Amino acid sequence: MTRYPNLARSASSTNQTSKSERRLAPSLEVEQLISKLAQDETGKRQHYRPIYSLHKWWARRPGTLFRAILLLATHPELRGTLLANNALGDLDPSAPHFQNHNLSDWIILDPFMGGGTTLVEANRIGMRVIGCDINPVAYWIGEEEEYRNRFYTVLSNMLEYNNMMTPYNYPHRKLHHLFNYHAMPLTTMPVENNVWGVGEEGVGTFVNCYRRYRNAKLYCQEPFERYKNRSGQVITHYMQQETISAHLVASYEELLRTERSALLLCGDSARLDALPDASVNLVVTDPPYYDNVHYSELSNFFYVWLARLVKHPYFQSELVPTEGEAVVNKGQGKNEEDYLRLLEAVFREAYRVLKPEGKLVFTFHHMNPRAWWTVFQAVQRSGFRLVDFFPVQSEYRVNPHIRNKQALDMDLVLICQKQDQPFDALSHSPSDALERAYQAVGAQASNGTRNLLYLHFVGELLRSASCTTADWEPSQEWFLSALQMFERLCTEQTQPRKNVVVQLALFETAVDYDANL
C-alpha cells in the first residue's frame, strides 16, 4: 500500500528558487514545429540531411531535433521563438532555427556518439566536439577521412543490400535492405543484387551508395534545412556561413587550440581519462534505449568486413566488444541492474567532466515504465537532477516498428543539471503532475494525441520526483502505480481530463501496487 503525504509547492529548500519556474523546454508551439521538421526528415532522410545516409546506424535520431536541442541549450531565451509560422501558416525562414550560428566558445561531449548526429550538428554551428563510443563501427563512421577509407565506407554501406539475408519487396518490385527492422531476419528466398550497378538503375549497388556518399559530402560544404509548406512543396533554405568540416585532434589540449576541432574516442565512456574535470560546457547524447536495440550484435554485420579491410587498433578483436555496452540483453546475460550500473557509470563521468552550470540533455524512448524509472535512477545516482523535458515526434509514422502497433512514436528529451544548482521545488502528487501536463498540452489532450499527454505526464512525474525536498523520497512503486492508474483511467474514459484528475487525487490517499506491471 502506498500513501502520499501532502507536499506544499512552497516547501523550503536550500537550493529552491522563487516560485516562478524557469522552464528550459520549448513552448508547445515550438515543440510541435520541431516535431514537424523531425517527421519530414525521418521520412526522407537522404534528401533532408544527406550526411546521415553515409552509413547505416540504427535508431538514428533526426538531425533537426539535435540542432534544436543545441540551440535551445545554448540560447534558452529562444524557447518561445526558435521556430514560428508566418501569416500563411508556413514555417518562417527568418526564425532563429534557420539562421547561421557560430558557437565556437562551446565544447560539447556525446558519450554515446553512435551515428554521430550530435557531433555533426554541433560541428555545423562551430562547436568543438568530443565523441566517444565503445563500438568501433560508430567510431569508424565519425573518423574515416582517407580516400581508401572512403572506399571502404561505401563498400560497407553497400553490404546491407548484398547478402544472403536480403529480402524482396514485392509491393515495390525491388529488393529491400537487410535492416528494415532492428534485427537480422532470415529469409528462405534471398535476392541476388547487381553489386556494381548498371548505369542509373539499381538500389543498394556500389554506384548508388557512392552517389549517396558524394551527396553527403556536398551537403557538408553547403548544409541546408528543408521543410514542407502547407501545399506540400519542399522548401530548401541554405545557411551560407555554416559548414560541416572538423579538424580531428588527438588530445583535449589540441582541441582547445584548434578551431572546429573534433576529438573522437573509442572505448568505455565511463572512463574518459583524456578529459580533465569540468572541461566541457554541454553533454548531449542519445543513450541506448534499455532493450530496444542491440547495437553491438547488429553492427557485427559491418564490423567483420571492416576488420578484414582496415588496419586499425580498434578492429583487432573478433567481434564488437560488448562488456561495457549499456543494454538489457538476455543473450549477453545483462539485466535491468546491469543496464542501470553501466548507464550510471557513464553519467557519473559526464558529471565529472561537465562544468558546474553545464547541462546533460538526452533523448529516451520506451513503452516499458520500468525503463523510464531505471533511466531516472541513473540520472539521480550520478549527481544530476532532471529539471525539464519536452516530447518530440521523432519516429516516422509508417516506420515498420510502430505501424499498426500500440507503440510509442515519440521521444522524450530530458534536461538535467547538477544537483547543487538552484531548482524549483514541485509537488510530487500524481494529480498535480497530470494537471501540469494538461496545462502544457492544452486542447491537444482531447484531439486523440494520447502519446503526447502520456509523455508530458511521464516527464512531469520524473521532474517532480527529481525536484523535490528532502522530506520525501521517490520510489519505483510511486512512479509505476501512477502510470498504471493513468492507463486504467484513460482506457475507461474517452474524455478523461476531469475524471482522471479527480480519481488520481483519490488514488494518492491509498492504492494497491501491481508488482507485475
Side-chain angles (χ1 to χ4, degrees), residues 22-42 45 48-49 51-52 59-83 95-99 101-103 105-131 223 225 227 239 242 244 280-287 289 347 350 354-355 357-365 375 379 384 386-395 410-417 455-456 459 462-463:
R22 302 168 302 158
R23 296 302 299 263
L24 301 173
S27 65
L28 180 64
E29 179 185 6
V30 173
E31 172 190 306
Q32 292 182 321
L33 292 176
I34 294 172
S35 288
K36 180 185 183 304
L37 286 173
Q39 275 283 287
D40 289 345
E41 178 187 335
T42 52
R45 197 185 305 273
Y48 281 75
R49 267 176 165 73
I51 183 63
Y52 300 125
R60 192 195 296 268
R61 300 297 90 184
T64 188
L65 167 60
F66 275 73
R67 179 180 178 86
I69 288 173
L70 294 171
L71 293 178
L72 289 168
T74 55
H75 298 82
E77 70 277 7
L78 297 179
R79 63 178 300 266
T81 59
L82 180 68
L83 287 160
H97 182 92
F98 296 107
Q99 302 309 302
H101 297 275
N102 186 353
L103 301 178
D105 293 335
W106 288 75
I107 299 176
I108 186 173
L109 165 68
D110 185 348
F112 297 102
M113 66 179 175
T117 304
T118 303
L119 306 185
V120 168
E121 299 300 325
N123 171 264
R124 178 176 163 178
I125 55 179
M127 290 179 167
R128 292 173 169 86
V129 303
I130 304 169
E225 294 292 308
Y227 60 91
M239 278 72 161
E242 291 185 357
I244 301 171
V280 303
N281 303 100
L282 191 62
V283 177
V284 177
T285 191
D286 180 40
Y289 293 170
F347 283 174
L354 190 64
K355 293 183 178 181
E357 70 284 359
K359 298 289 189 296
L360 163 67
V361 185
F362 66 97
T363 58
F364 195 73
H365 173 113
V375 168
V379 169
F384 287 103
L386 198 161
V387 293
D388 220 333
F389 67 92
F390 67 96
V392 64
Q393 189 88 35
S394 58
E395 292 283 356
M410 305 182 78
D411 280 351
L412 201 58
V413 179
L414 302 169
I415 305 170
C416 310
Q417 66 183 28
L455 280 185
H456 268 278
L462 296 179
R463 186 165 75 105

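Quick caveat: nothing in here was measured; it's all calculated off a predicted structure.
- Separation of atoms CG (Leu282) and CD (Glu357) is listed at 11.0 Å; rounding is to 0.5 Å.
- With sequence neighbours left out, Thr285 forms a side chain to side chain donor-acceptor pair (under 3.5 Å) with Asp110.
- The shortest distance between side-chain heavy atoms of Ile125 and Glu242 falls below 4.5 Å.
- By the 4.5 Å heavy-atom criterion applied to side chains, Val361 and Leu24 are not counted as neighbours.
- Atoms NZ and CD, on Lys36 and Gln393 in that order, are 12.5 Å from each other to the nearest 0.5 Å.
- Annotation: salt bridge (charged side-chain N to carboxylate O under 4.0 Å, His left out) contacts of Asp388 (sequence neighbours excluded): Arg23.
- Between Asn102 and Gly126 the shortest heavy-atom distance is OD1-CA, 4.0 Å.
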query: Would Asn281 and Asp105 count as a side-chain contact (heavy atoms from CB on, under 4.5 Å) if you check the C-alpha gap in whole Å, the side-chain angles of each, and the deciding distance to 0.1 Å?
result: CA-CA 9 Å; Asn281 303 100; Asp105 293 335; over 6 Å; no
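- Arg49 is linked by a salt bridge (charged side-chain N to carboxylate O under 4.0 Å, His left out) to Glu41, Glu121, Glu225, counting only residues two or more places apart in sequence or in another chain.
- In this structure, the side chains of His97 and Thr64 come closer than 4.5 Å at one or more pairs of heavy atoms.
- In this structure, CG on Leu70 lies 7.0 Å from OG1 on Thr118, to the nearest 0.5 angstrom.
- Pairing each heavy atom of Val379 with each of Cys416, the nearest pair is CG1-SG, 3.9 Å.
- Below 30°, between 30° and 60°, or above 60°: for Phe362 and Phe347 the angle between ring planes is between 30° and 60°, a tilted geometry.
- Heavy-atom minimum distance, Ala73 versus Trp106: O-CH2, 4.4 Å.
- Arg124 places no side-chain N or O within 3.5 Å of a backbone atom of Ile244 that could act as its donor or acceptor partner.
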query: Do Leu354 and Phe384 pass the side-chain contact (heavy atoms from CB on, under 4.5 Å) test, and can you show the C-alpha distance, the side-chain angles, and the key distance before you say yes or no?
result: CA-CA 11 Å; Leu354 190 64; Phe384 287 103; 3.7 Å; yes
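- Contact of the Met127 side chain with the Thr74 side chain is registered, since non-hydrogen atoms from C-beta on lie closer than 4.5 Å.
- Shortest non-hydrogen contact noted between Phe389 and Leu455 is CE1-O, 4.2 Å.
- Scanning all heavy atoms of the two residues, the minimum distance from Ile34 to Phe390 falls at CD1-CE1, 4.3 Å.
- Contact between Ala95 and Leu82 at its shortest, heavy atoms only, is CB-O, 3.4 Å.
- At a threshold of 4.5 Å between non-hydrogen side-chain atoms, the residues Pro62 and Leu37 do not count as touching.
- Between His75 and His101, the ring planes are tilted. Angles from 30° to 60° get that label.
- Partners of Ser27 under the side chain to side chain contact (heavy atoms under 4.5 Å, CB included) rule, at least two apart in sequence or in another chain, are Glu29, Val30.
- Every residue meeting the side chain to side chain donor-acceptor pair (under 3.5 Å) condition with Asn123, not counting sequence neighbours, appears here in chain and number order: Arg260.
- Under the rule for a side chain to side chain donor-acceptor pair (under 3.5 Å), the partners of Thr363 that lie at least two apart in sequence or sit in another chain are Asp286, Tyr289.
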